[in-house]
4 protein chains.
Amino acid sequence: MAQATTRKAVQGASGRKMAGAAKRRSASPEARRAAILAAALDEFTVRGYEGARLEDVARRAGVAKGTIYLYFTDKQALFQDLVRSMVNPILGTLEQLPQVDMPARMLVERLTETFVREIIGTRRKDIIRLILTEGARFPEIAQFYHREVIARILGFIRPMLVRAAARGELPEGVAQFPQLIIAPGLVGILWGSLFNKYDPLDVAAMMRAHVEILFSGRPV
Amino acid sequence: MAQATTRKAVQGASGRKMAGAAKRRSASPEARRAAILAAALDEFTVRGYEGARLEDVARRAGVAKGTIYLYFTDKQALFQDLVRSMVNPILGTLEQLPQVDMPARMLVERLTETFVREIIGTRRKDIIRLILTEGARFPEIAQFYHREVIARILGFIRPMLVRAAARGELPEGVAQFPQLIIAPGLVGILWGSLFNKYDPLDVAAMMRAHVEILFSGRPV
Amino acid sequence: MAQATTRKAVQGASGRKMAGAAKRRSASPEARRAAILAAALDEFTVRGYEGARLEDVARRAGVAKGTIYLYFTDKQALFQDLVRSMVNPILGTLEQLPQVDMPARMLVERLTETFVREIIGTRRKDIIRLILTEGARFPEIAQFYHREVIARILGFIRPMLVRAAARGELPEGVAQFPQLIIAPGLVGILWGSLFNKYDPLDVAAMMRAHVEILFSGRPV
Amino acid sequence: MAQATTRKAVQGASGRKMAGAAKRRSASPEARRAAILAAALDEFTVRGYEGARLEDVARRAGVAKGTIYLYFTDKQALFQDLVRSMVNPILGTLEQLPQVDMPARMLVERLTETFVREIIGTRRKDIIRLILTEGARFPEIAQFYHREVIARILGFIRPMLVRAAARGELPEGVAQFPQLIIAPGLVGILWGSLFNKYDPLDVAAMMRAHVEILFSGRPV
DNA sequence: GATGAATGAGGGTTCATTCAT
DNA sequence: TATGAATGAACCCTCATTCAT
């Protein structure tokens, strides 16, 4: 029974709701860390950085409040590590992107489809949203994200876009502002959290239409 | 003379010591309200809704903490009134939009140029940013903004875009997802607050490039 | 129109209700003072000393907040002057009480009937209640009330009660503790504000029964 | 080691500096709760409900301000729990009152002696005083007290008084208004907080005299 | 005198953080 | 290592009091 820690927490007195609470106990440090990060993602997503309470994160993760501090320096570090933990897996992928040219349309379609599949279709959209909504208050995160993700993606695709534009496969503007490729996806994420209730938006369809536009009047 | 009794005696239990004296009286109520709103815009922009402290707003507006409550019910009302005060002037403009068709390119250019001039080029971009970053925590604001601004703009331009697309002046996708027209502008606003320090982005230029793309390969 | 001061107050924004608001204006100083005292009685009665807001007192009196300070030093003075203003008229009466003996029963009946008629049946019961409930925080008031009212009444009736008791018209205890005569009346006042809703109490009838008890088994 | 990044960087915007360290841990939760209640009784007694400051309660209890909120929802709950905690022990006693008739004088003497011993002679008199002075602003407490204490006592003794009166052991009025039995005790409590300084009152003696009066001229 | 906008100390409450167990 | 009770700085909001008009 040594394992049967007094629990009783889980819903407690504070009154906030709780969705998918993890109730596991005495797992491996890694699992614990992961549980806290998962709970943090949930809470930050719903309440924002300032609005999230570490007590709720702990409860949702099935650990005590103090335990969070065994794995993370403080609330800010938790937030930053959360973003990093969600972004890091992608970084590896970015490393291995083939540096060979391909038809512009194929490149752009891969990008947007990957975005829809891997971001919009997963919890990663919540991380993107957090970066967009909270990033201004976390220069370190903004810089990290820009340096590790955006700059690298841009560094990777911009040359290809430039060459494709030179080949006439793509408007010049896209090569100059590759942000244009993803912009609708980002807006779609925000739209989802703001207006979906009143006016749902099919982001995947919008992205396909967007790609169509990018190449309208171009030879395939 | 019953009331000319020596006072002070009792105190101790009851409390309040002495409030401060009133200082200035200069500004008109309207000016004062405006000053508070301006200060609130600054503070909310820099710190976000939760992070902003009303004491800082007051100081920045040159008034006392309590004065804010003479003009706004509470912090949330201040935030909502701020958004409304920045959005309302636009609403009038929207009313007077000409309901006559025009060439699609002209329509889109007007839209994007207006956006760049009136939003990106003014403090309104900060309001847009606040709506994007805090709106999820203010359903009322999100709904208000969607109903009063977005839905009306969409209701206004979508039919024109549909007809323009039918005339072949515009890709179908734009008519279906008018959000595509503005998406780069919104992303530009967010980019500005997140990455401009490391990687400046010329939003106006991007918007022009974007318009170019929307009409690439189309007859003028 | 000089007299038509901008009013608009009267219900304002604060949301508290308002019963018998006086809306007169530019009355005589005495009338103004009286209006403020009347309003103060209402507010203190309903909310207690700490709970009463001078803004509500002002509104109810039909004056501006600052006007109160022209007539009273501060909130505490207002409270004390209120008590004094309600008590003073009685003081004169006490002066003129006939110092002649009368049958004990008549004396006690006069006392209790006067209490029921002049206190229980009027707003004075609210002053008594205020003294009972707030007096502990206002030593000055407690002392004033004891000195000016209680001590004088006791000084007046105790000798008569003693003589009456000596004549066998009255239990010794009543002469020793004249408070016993009025105690039910005071409890009746408090009962009224606490439990009347659930369990109404006919204070007048209780007082009559009480007198009956005081003289039970006594010759008339 | 991604998480071992240098922190601190961001701060500025987010807020919280550093909370204080936990000091003692000694007392059991029950003892701590009791300490807070005891401190609250002191403060509420001296300053009244509105006038009492939770910071003073905390200091007096030897805990931090926030600790109070670990044991009580808010100030009002603290007050209500205080009243309940003082009243509850009596409730048990009331349950066990013998339902058998006894001579009226014995019944009344038990009542008054118990009142003097258990209320007047203990801190419970302060609770009674709080109920009397603050109850009007706490309908819940007034109702609770009436329902749990007063109504039950009345329900218990009234039938006995009625029968005793029928047997001629007691004036009719007492059976009709049992409040008369305790009224002097309540007045005594209030007198104590208001006038004892100037004019001490021996409540116990007054109660004995009162009982004597109730039965004067009656067969024992 | 009368007004009521402005002031700012005060206090209830929250919650990130600590540390005795 | 994990816990969660305890801490106390911070912050929103109230309202007695002041004073320019």
Side-chain angles (χ1 to χ4, degrees), chain A residues 5-9 12 14 25-26 29 32 50 52-58 63-71 73-76 78, chain B residues 14-27 29 32 50-56 58 63-71 73-76, chain C residues 5-9 12 14 25-26 29 32 50 52-56 58 63-71 73-76 78, chain D residues 14-27 29 32 50-56 58 63-71 73-76 78:
Chain A
T5 335
T6 25
R7 188 89 7 200
K8 89 177 158 184
S14 88
R25 56 202 63 181
S26 75
R32 227 146 227 246
E50 292 272 9
R53 295 164 67 235
L54 289 192
E55 178 153 15
D56 292 335
V57 173
V63 302
K65 213 158 20 139
T67 304
I68 294 177
Y69 288 85
L70 297 176
Y71 293 88
T73 305
D74 56 15
K75 190 182 184 182
Q76 195 169 125
L78 171 60
Chain B
S14 77
R16 264 8 115 81
K17 295 297 146 51
M18 238 197 53
K23 299 287 166 50
R24 64 217 96 209
R25 188 61 44 96
S26 52
R32 207 143 260 239
E50 295 266 16
R53 293 163 42 203
L54 289 193
E55 182 152 18
D56 291 338
V63 302
K65 219 169 8 151
T67 305
I68 294 176
Y69 292 88
L70 296 177
Y71 293 88
T73 304
D74 56 15
K75 189 181 185 183
Q76 180 162 333
Chain C
T5 334
T6 25
R7 188 99 353 206
K8 88 177 159 185
S14 88
R25 57 202 63 181
S26 73
R32 235 151 219 245
E50 293 273 7
R53 294 163 69 235
L54 289 191
E55 178 153 14
D56 292 336
V63 302
K65 212 158 23 137
T67 304
I68 293 177
Y69 288 85
L70 298 175
Y71 293 88
T73 306
D74 55 15
K75 189 183 184 183
Q76 195 169 125
L78 171 61
Chain D
S14 77
R16 265 7 114 82
K17 295 297 147 50
M18 235 197 54
K23 298 286 166 51
R24 64 215 98 210
R25 188 61 45 97
S26 50
R32 208 143 259 238
E50 295 267 14
R53 293 163 43 205
L54 289 193
E55 183 153 17
D56 292 338
V63 303
K65 215 160 26 138
T67 304
I68 293 176
Y69 290 86
L70 296 177
Y71 293 88
T73 304
D74 56 14
K75 190 182 184 182
Q76 181 162 332
L78 171 61

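We use all heavy atoms of the structure for the numbers below, so side chains are in, but hydrogens, waters and symmetry mates are not. Labels below follow one simple rule: chain letters A, B, ... track the order of the sequence lines, proteins then strands, and each chain is numbered from 1.
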So A52(B), base contact, sugar-phosphate only, or nothing? Heavy-atom distance under 4.0 Å. sugar-phosphate
If you find the nucleotide of DNA chain E closest to Q76(D) and the one closest to T67(C), which residue's nucleotide is nearer the 5' end?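 Counting from the 5' end, the first nearest nucleotide belongs to T67(C).
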Hey, which sits more toward the 5' end of DNA chain E by its nearest nucleotide, L54(D) or P29(B)?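 The residue mapped nearer the 5' terminus is P29(B).
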Which pair of heavy atoms, one from [X] and one from [Y], lies closest together, and at what distance?
X	Y	result
D74(A)	Y69(A)	CA-CE2, 3.9 Å
A52(C)	K75(C)	O-NZ, 2.9 Å
L78(D)	I68(D)	CD2-CG2, 4.4 Å

Taking atom [atom2] of [N] as reference, at what distance in whole Å does atom [atom1] of [X] sit?
X	N	atom1	atom2	answer
I68(C)	dC15(F)	CD1	C1'	12 Å
Y69(C)	dC19(F)	OH	C1'	13 Å
R53(C)	dC13(F)	CZ	P	15 Å
D56(C)	dT14(F)	CG	C1'	12 Å
K75(B)	dA10(F)	NZ	C1'	11 Å
L70(B)	dG4(E)	CG	C1'	9 Å
D74(C)	dA16(F)	CG	C1'	9 Å
E55(B)	dG10(E)	CD	C1'	13 Å

So which nucleotide does dT21(E) pair with, by the Watson-Crick or G-U wobble rule with both distances under 3.5 Å? dA2(F)
Does any nucleotide pair with dC15(E) by Watson-Crick or G-U wobble geometry, both distances under 3.5 Å, and what is it?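 Base partner found: dG8(F).
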Residue mapping more 5' on DNA chain F - nearest nucleotide basis, G66(B) or G66(A): G66(A)
Before you tell me yes or no, could you show the steps for L70(C) and V63(C) under side chain to side chain contact (heavy atoms under 4.5 Å, CB included), namely the whole-Å CA-CA distance, both residues' side-chain angles and the distance that decides it to 0.1 Å? CA-CA 11 Å; L70(C) 298 175; V63(C) 302; over 6 Å; no
Does Y71(A) make a side-chain N or O approach to OP1 or OP2 of dT1(F) shorter than 4.0 Å? no
Can you see if the side chain of R32(D) gets near the phosphate of dA6(F) - specifically, an N or O under 4.0 Å from OP1 or OP2? yes
Any N/O donor-acceptor pair, K65(A) side-chain to dT17(E) base, under 3.5 Å: yes
